[in-house]
Amino acid sequence: MAQRVRFEVVSSDDEPLILVDEQDREIGTLDKESCHDGAGKLHRAFSLFVFNAKGDTLLQRRHPSKRLWPGYWSNGCCSHPRSGEVLEEAVVRRAHQELGLAVVPEFLFKFQYQASFGDIGSEFELCSVFVSHGAEAPHVNAAEIAEWRWIPRHELGREIQAAPGSFTPWLKIEWQRLTTEFPARIRPS
C-alpha cells in the first residue's frame with residue numbers, strides 16, 4: 001500500500017445533497033443526514049470504478065466513522081455532486097479528495113437503488129456509474145478510507161460470492177452490471 005496522506009474531512013452530515021425524482025430532475029436539496037434517515041430520500045449520487053494498467057480494480061474499505069456500511073469494502077470512490085456541479089466534475093473532485101488521483105471519468109450507466117443499514121439509515125440514490133483507466137497507486141485520505149487494495153476482476157467476483165456481507169450493496173449491484181453489460185469497458189486497452 002502507498003503511504004496514506006491525511007487530508008481534511010471532505011464531507012459532513014450537514015452538506016446539502018441534491019434531491020431528484022425518478023427521471024433525475026432536481027426537486028430541491030436536503031442535508032446529508034436527513035437524506036439517509038429512515039428509508040432515505042431519493043438523491044443524486046455517483047460511483048467510480050478505478051482500474052490500473054493491468055486491469056485490476058481499486059477497492060477501498062470504508063472508514064469506521066462512516067454512518068452507513070462502515071468497514072465494508074466498496075469501489076474506488078462514491079459520493080454526491082454539489083448543487084450546480086456537473087457530475088463529471090464531481091467525480092474528478094472527489095477522486096482527488098479521497099484517493100489523491102487525477103481521473104478521466106467515463107460514464108457507463110445510471111440506476112436507482114434503495115438499501116437499508118439496519119435501523120441506522122438507508123441509501124436511496126439515483127446513481128451514475130463511471131470508470132477510469134490507467135491509475136497509479138492512490139494516496140488515500142485516511143479520514144475517509146480505512147484501507148485500500150487492487151484486485152483482479154475475476155477475484156472480485158469470487159470474493160463477492162464467498163463473502164457478500166463484506167461489500168457495500170451498491171458495489172455488488174454495480175459490479176454485476178459492469179461485468180455482464182459492459183465487460184469490454186472494464187478491460188485494459
Side-chain angles (χ1 to χ4, degrees), residues 1-7 10-11 44-63 66 68-81 85-113 115 123 125-189:
M1 278 190 206
Q3 179 181 5
R4 291 189 180 163
V5 175
R6 285 209 174 264
F7 296 115
V10 294
S11 64
R44 188 174 289 155
F46 64 83
S47 274
L48 172 67
F49 285 80
V50 177
F51 296 91
N52 64 16
K54 293 186 343 186
D56 298 336
T57 190
L58 180 67
L59 292 183
Q60 63 150 291
R61 187 182 299 269
R62 291 169 58 81
H63 195 274
K66 297 286 187 185
L68 303 176
W69 291 275
Y72 284 66
W73 286 102
S74 199
N75 53 295
C77 182
C78 1
S79 191
H80 311 95
E85 187 176 37
V86 175
L87 265 171
E88 287 79 0
E89 292 171 352
V91 173
V92 169
R93 171 183 54 81
R94 194 61 181 213
H96 177 72
Q97 290 173 332
E98 283 193 26
L99 304 169
L101 293 176
V103 298
V104 179
E106 176 188 353
F107 172 79
L108 293 187
F109 65 94
K110 185 187 307 185
F111 75 109
Q112 180 179 314
Y113 77 99
E123 284 291 7
E125 295 184 331
L126 190 57
C127 187
S128 294
V129 179
F130 295 84
V131 295
S132 184
H133 294 276
E136 301 294 329
H139 299 285
V140 301
N141 180 343
E144 295 287 328
I145 297 171
E147 62 182 292
W148 67 273
R149 62 188 168 120
W150 292 111
I151 185 169
R153 287 184 313 279
H154 63 282
E155 288 296 326
L156 179 53
R158 285 188 205 148
E159 284 193 25
I160 290 171
Q161 278 192 319
S166 298
F167 297 90
T168 59
W170 58 90
L171 167 72
K172 293 182 282 190
I173 295 166
E174 294 164 358
W175 189 249
Q176 193 277 331
R177 287 198 60 187
L178 283 171
T179 57
T180 58
E181 297 176 35
F182 303 95
R185 306 285 278 285
I186 63 171
R187 292 194 176 103
S189 316

Minimum-distance pair of heavy atoms, taken over all atoms of Val50 and Leu99: CG2-CD1, 4.3 Å
Are the charged groups of Glu159 and Arg149 less than 4.0 angstrom apart, N to O? yes
Report the distance from atom CG of Leu59 to atom CD1 of Ile145, rounding to the nearest 0.5 Å. 11.0 Å
Any donor-acceptor N/O pair, Arg62 side chain to Trp69 backbone, under 3.5 Å: yes
Find out whether the Lys NZ or Arg CZ of Arg177 is both under 6.0 angstrom from the six-membered ring centre of Phe109 and within 45° of the ring's axis. yes
Ser132 side chain to Val104 main-chain N or O, any donor-acceptor pair under 3.5 Å? yes
Please report the shortest heavy-atom distance between Gly55 and Arg153, naming the atom on each side. O-NH1, 3.1 Å
Side-chain contact, heavy-atom cut-off 4.5 Å: Val91 with Cys77? no
Looking at Arg158 and Glu155, is there a salt bridge between them, counting it only when a charged N and a carboxylate O are closer than 4.0 Å? yes
NE2 on His96 to CG on Asn141, rounded to 0.5 Å: 10.0 Å
Any side-chain heavy-atom pair from Arg44 and Leu126 closer than 4.5 angstrom? no
Please walk me through it: do Lys54 and Trp150 pass side chain to side chain contact (heavy atoms under 4.5 Å, CB included)? CA-CA 10 Å; Lys54 293 186 343 186; Trp150 292 111; over 6 Å; no
Salt bridge (charged side-chain N to carboxylate O under 4.0 Å, His left out) partners of residues 125-136, not counting sequence neighbours, each pair once: none
Do Pro138 and Trp148 touch side chain to side chain, with heavy atoms closer than 4.5 Å? yes
Verify whether one side chain among Glu144 and Gln97 offers a donor that lies under 3.5 Å from an acceptor in the other. no
Show the nearest heavy-atom pair for residues Gly165 and Tyr72, with the distance to one decimal. O-CE2, 3.0 Å
Can you name the nearest heavy-atom pair linking Asn75 to Gln60, along with the distance? O-CG, 3.2 Å
Check this for me: Glu181, atom CD, are more than 12 non-hydrogen atoms of other residues, nucleotides or ligands nearer than 6.0 Å? yes
If we check ring pair (Phe, Tyr, Trp, His ring centres under 6.0 Å) with Phe130, which of these qualifies: Phe182, Phe51, Phe107? Phe107
If I compare all heavy atoms of Ser74 with all of Leu171, which pair ends up nearest, and what's the gap? CA-CD2, 4.1 Å
Does Phe49 have any ring-ring contact (aromatic ring centres under 6.0 Å, His included) partners at least two apart in sequence or in another chain, and if so, which? Trp175
Any donor and acceptor pair, going by atom type alone, linking the side chain of His80 with main-chain N or O of Ala90 inside 3.5 Å? no
Working for side chain to side chain contact (heavy atoms under 4.5 Å, CB included), residues Leu58 and Asn52: CA-CA 8 Å; Leu58 180 67; Asn52 64 16; over 6 Å; no
Test log, rule side chain to side chain contact (heavy atoms under 4.5 Å, CB included), inputs Trp170 and Ser47: CA-CA 9 Å; Trp170 58 90; Ser47 274; 3.8 Å; yes
Where the side chain of Lys172 meets the backbone of Pro164, is there a donor-acceptor pair that is under 3.5 Å apart? yes
With rounding to the nearest 0.5 angstrom, report the CZ to CD distance, Arg93 to Glu88. 13.0 Å
Shortest non-hydrogen pair, Val131 vs Arg185, comes out as CG2-O, 4.1 Å
